[in-house]
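Everything below concerns the one structure shown next.
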2 protein chains.
Amino acid sequence: MAKTAGKTQDLGGAKGAQLSRELLIKEAARLFAEKGYNKTNMRELAEAVGMKAGSIFYHFKNKDEILQAVMHKAITLLVANVQSSIGDATTPMERLRVLVRMELGVYLGEDADYGMVLIHEWRSLPESLQEELLVMRSNYESYWDTTLANCQQEGIIKANPKIVRRMLNGAFSWAIYWYQPEGEFSFEQLVDEVMAMLVVG
Amino acid sequence: MAKTAGKTQDLGGAKGAQLSRELLIKEAARLFAEKGYNKTNMRELAEAVGMKAGSIFYHFKNKDEILQAVMHKAITLLVANVQSSIGDATTPMERLRVLVRMELGVYLGEDADYGMVLIHEWRSLPESLQEELLVMRSNYESYWDTTLANCQQEGIIKANPKIVRRMLNGAFSWAIYWYQPEGEFSFEQLVDEVMAMLVVG
DNA sequence: TATGCTACCTAACGCTTGTTAGAATTTCAA
DNA sequence: TTGAAATTCTAACAAGCGTTAGGTAGCATA
């Protein structure tokens, strides 16, 4: 998959820096999610993308910036998904359901690796590299805040919107560790249960 | 604090292995919570307890077993607290509130370091050392399961008890990262808000 | 064909780390 | 007081790590 042709050796520049960079981010997300950031070394990541460890530093200044790129993509996914799906809903209750389904979808679906890294490796990222991500994240969270505030105004939820948002944040990220798609509950059932947990009446 | 007398030098064995071991667990919990398991090295931990790195291995076989000991204490705290407080409540609703207050108290109170490590460093612990802890944890979780099941029977909550338990697990552990005791909400207000979020009507 | 840029490789450096063996010191019972 | 057991120190090893400098092969332009 990482090899361009049938040959094992793929010497010399070929596929363009952009593609290699994206592949690195993708494989890094997979490895960081599976083994953790600290226990994934550059040689391992290099092998996963079909190059040698030293070559990675042509694309990234250091290991931390790879982690940053992975997290950047994670938040980008969240923001992109919320923007493309929030328009489908009109009432606050519907928007809440859309948000629940969307965030759980990012954490539990095919992009789960990115969500895993975003949640679990936050403290592995030096503070100097956190700033941009924090801005993006608070932008994303504003969708939640306004929706939950509207829900409270209509009496759909009773608790404080800010607290509910924080709690859901944790609850959903934790789902990575226990939810099994082949298990007792389908994804849509999970969404239903969350809504049943939140909404009064 | 780690020094027995005013002297900086405190050579030789003195205070007994039990005390040193407990101090090591305590300081390890603090450091692991603050900096993370991987970024805390033995020399740092040793300095925190007033000994040299090599001496730690008289009390623990390796670094992993220190992490295990910290987590063991964390679960022990949870189990001890639930057993001593659950008796105060009679109705399912009261028991639920007791559990909420108790778990949040462990995560946010003076023993927060242990909870932090238990939650955040689970994947740093080799699987071979997880077994005992998993048994203890599932024992602890059974208190939640029965209480939530009773709440559902009485119509206090609507969603599936198992899912609710998982969600609260994540929600509460996440609170470590955002809750500030000096902030907008007092601890008891936080408990109230959680109950308002969960309970129908 | 010559030139320069792009993308990758090779080989190694230097630092940190967990861990260990053996010596040294303290404690405590006899 | 003496001797053994308990506890800590010293000093170093060996392995793994991120990172770097310099070399090399392919490709585009002229």
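If you're wondering where the values come from, they're calculated on a predicted model, not measured in any experiment.
- With A/Met197 as reference, B/Leu198 is the one residue of B/Ile157, B/Leu168, B/Leu198 to meet the side chain to side chain contact (heavy atoms under 4.5 Å, CB included) rule.
- Here B/Ser55 does not reach the OP1 or OP2 of D/dT7: none of its side-chain N or O atoms lies under 4.0 Å away.
- Here the side chain of B/Arg43 is nearest to one of C/dC8, D/dT8, C/dT17, namely C/dT17.
- No hydrogens or angles considered: nothing links the side chains of B/Glu193 and B/Gln189 as a donor-acceptor pair under 3.5 Å.
- Across the protein-nucleic acid pair, B/Lys63 atom NZ and D/dG16 atom P stand 16 Å apart, rounded to whole Å.
- Per the geometry, CE belonging to B/Met51 stands 8 Å off C1' belonging to D/dT7, to the nearest Å.
- Within the 4.0 Å cut-off from OP1 or OP2 of D/dC17, at least one side-chain nitrogen or oxygen of A/Asn41 is found.
- Counting heavy atoms from C-beta on, the side chains of B/Lys39 and B/Leu31 never come closer than 4.5 Å.
- Residue A/His59 contributes atom NE2, which lies 16 Å from atom C1' of D/dT19 at whole-angstrom precision.
- At least one side-chain nitrogen or oxygen of B/Ser20 sits closer than 4.0 Å to the OP1 or OP2 atom of D/dT8.
- Side-chain N/O atoms of B/Asn81 and B/Tyr140 include no donor and acceptor closer than 3.5 Å.
- Regarding B/Glu65, its CD atom lies at a distance of 14 Å from the C1' atom of C/dG18, rounded to whole Å.
- Regarding contacts with the backbone of C/dA7, a side-chain N or O of A/Tyr58 is found under 4.0 angstrom from either OP1 or OP2.
- Between B/Glu47 atom CD and D/dT10 atom P there is a gap of 13 Å when expressed in whole angstrom units.
- Put simply, CD1 on A/Ile56 is 10 Å from C1' on D/dG18, counting in whole angstrom units.
- Across the protein-nucleic acid pair, B/Lys52 atom NZ and D/dT8 atom C1' stand 11 Å apart, rounded to whole Å.
- When the P atom of D/dA12 is taken as reference, atom CE of B/Met42 falls 20 Å away, rounded to whole Å.
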